[in-house]
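One structure is given below, encoded as structure tokens.
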There are 2 protein chains.
Amino acid sequence: MTEITNNSSNLSPAVERFILHWGDLGGQWGVNRSVAQIHALLYLSEHPQTAEDIAETLGLARSNVSNSIKELMGWKLIHRVPVMGDRRDHFAAETDIWEMVTRIAQGRKEREIDPAAEALRACMAEAETDTQISPVALKRLQEMLEFVETINRWYTQMLNVPKPALVTLIKMGSKVTTLLSPITRRGGKKDRETANQDA
Amino acid sequence: MTEITNNSSNLSPAVERFILHWGDLGGQWGVNRSVAQIHALLYLSEHPQTAEDIAETLGLARSNVSNSIKELMGWKLIHRVPVMGDRRDHFAAETDIWEMVTRIAQGRKEREIDPAAEALRACMAEAETDTQISPVALKRLQEMLEFVETINRWYTQMLNVPKPALVTLIKMGSKVTTLLSPITRRGGKKDRETANQDA
DNA sequence: CCGTTGTTTCTGTCTCTACAGAAATAACGG
DNA sequence: CCGTTATTTCTGTAGAGACAGAAACAACGG
């Protein structure tokens, strides 16, 4: 009878609100709502939850939860937690935000950036044997490829910076440029060679 | 009769390929395919194009092109180019990639990050008056909020770094941490106050 | 002031994805 | 080896967004 009560689960208002927000915030990024909501729930949960707990709490189909969990595990944002005397799987989220973000960034790189770069390289390869392409287009493609490669290198390197250093770096914000200005000022193009020596 | 000929327009193979790739690459990000394709076309075009040129070249409906153009203008990725003796609007794309990316980043911040941060602040406000929220959840929310604020500050500052400096910075990659290590090493938490003095 | 040309808004259709529920599979205990 | 419980895969459906085409609107020239 009372089938309409979707979210009657005992969540405190603020938590529920966060889950809702996080849910459709995920929608704007590439993640679907269920996945984001489940992640939000686990992130705020004191204890590991079973798939069924989650399904009930969020009013989602059990199968949906199963698939979403699989995806979250793929991103390494949640992990299994074995519980004594319970056959069911329990799940908990990564709670260190910086770690979490790193994992997401890593995943996006592998699934989106790398393939995109690859496609672009293929384009360039074709462009070079393309007799009818305009010089302008060719130049633009080259610039684009160079840019993507540059960003790719940067991304990779940043992902490998130890977390504390990364945090410091981010918190410094634009101040880095101030500290680096003696270097920056040594001249534009030339610096590039120097900077890449270690790559 | 020959209605099936979608992409019969005289595009060189490499260009066409790029437009196609760029198109569904846009799909993975928030942009729809038409918009991304039009952008790609204009990016590679030697001369400004009219809306109709675009519609014909890409095989899109005129109305679709119109809307897409509007969106691209909203992102400031393309701009009108008046042409003598032609009443129609001609459009050209921003060709400086760094400028282009900055514009996109700016747009995404305004449309996605800022609202998200706002929503999160609202959550926190509610959480603080929430009697039944668990201490753990409250703590996690706080951490999340702090993180988002930090990233937001960083993002804002980075968008205001002059382009040459930004390019240098990116090209340095993780090398910044090496140069900064004497500072980084001065200790963790304390640095944050110092680093933010200028914000 | 009317016709022509260009642009925008509106509306219906179609595709694609998220999702629920059912069916199938696997793991474990007795 | 069978029954029970947990999980995954499969299938149909509902909703959202992308898009085409039509209709409305605006601007300009003669």
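No experiment lies behind these values; they were computed from the predicted model shown. Reminder, nothing fancy here: chain letters follow the sequence lines and each chain counts from 1.
- Note on B/Arg62: every side-chain N or O is 4.0 Å or more away from OP1 and OP2 of D/dG21.
- If you check every strand for non-hydrogen atoms under 4.0 Å, B/Arg88 touches sugar and phosphate atoms only.
- Between B/Asn67 and A/Ala51, the residue anchored nearer the 5' end of DNA chain D, judged by the nucleotide with its closest heavy atom, is A/Ala51.
- Residue A/Trp29 contributes atom CH2, which lies 20 Å from atom C1' of C/dA18 at whole-angstrom precision.
- A residue-by-residue look at A/Arg87 and A/Ser63 shows that A/Ser63 has its nearest nucleotide of DNA chain C further toward the 5' end.
- If you measure from atom CD of A/Gln49 to atom P of D/dA6, you get 15 Å, rounded to the nearest angstrom.
- Side-chain contact check for A/Leu41 versus A/Thr57: some heavy-atom pair is nearer than 4.5 Å.
- Comment: A/Lys139 engages A/Glu143 in a salt bridge, judged by a side-chain N to carboxylate O separation of less than 4.0 angstrom.
- Taking side-chain N and O atoms only, A/Ser66 has a distance below 4.0 Å to OP1 or OP2 of D/dT8.
- Look at CG on B/Leu60: it is 16 Å from P on C/dT8, rounded to the nearest Å.
- Nucleotide D/dC19 holds its C1' atom 12 Å from the CD1 atom of B/Ile38, rounded to whole Å.
- Taking for each of B/Lys70 and A/Val31 the nucleotide of DNA chain C with the nearest heavy atom, the 5'-most of the two is the partner of B/Lys70.
- Between B/Asn32 and the phosphate of D/dC19, there is a side-chain N or O to OP1/OP2 separation shorter than 4.0 Å.
- Judged by distance alone, the side chain of B/Gln49 and the main-chain N or O of B/His47 form a donor-acceptor pair under 3.5 Å.
- Protein atom CG of B/Asp89 is 17 Å distant from nucleotide atom P of C/dT5, rounded to whole Å.
- In this structure, A/Lys163 pairs ionically with A/Glu99, as a charged nitrogen and a carboxylate oxygen lie closer than 4.0 Å.
- Looking at heavy-atom distances under 4.0 Å, A/Thr50 makes no contact with the nucleic acid at all.
- When the P atom of D/dA18 is taken as reference, atom CZ of B/Arg33 falls 10 Å away, rounded to whole Å.
- One finds a salt bridge joining B/Glu118 and B/Arg121 here, because a Lys/Arg side-chain nitrogen approaches an Asp/Glu carboxylate oxygen to under 4.0 Å.
- For the pair B/Asn64 CG and C/dT11 C1', the interatomic distance rounds to 15 Å; values are reported in whole Å.
- At whole-Å resolution of the value, CD1 in A/Ile69 and P in D/dA6 are 14 Å apart.
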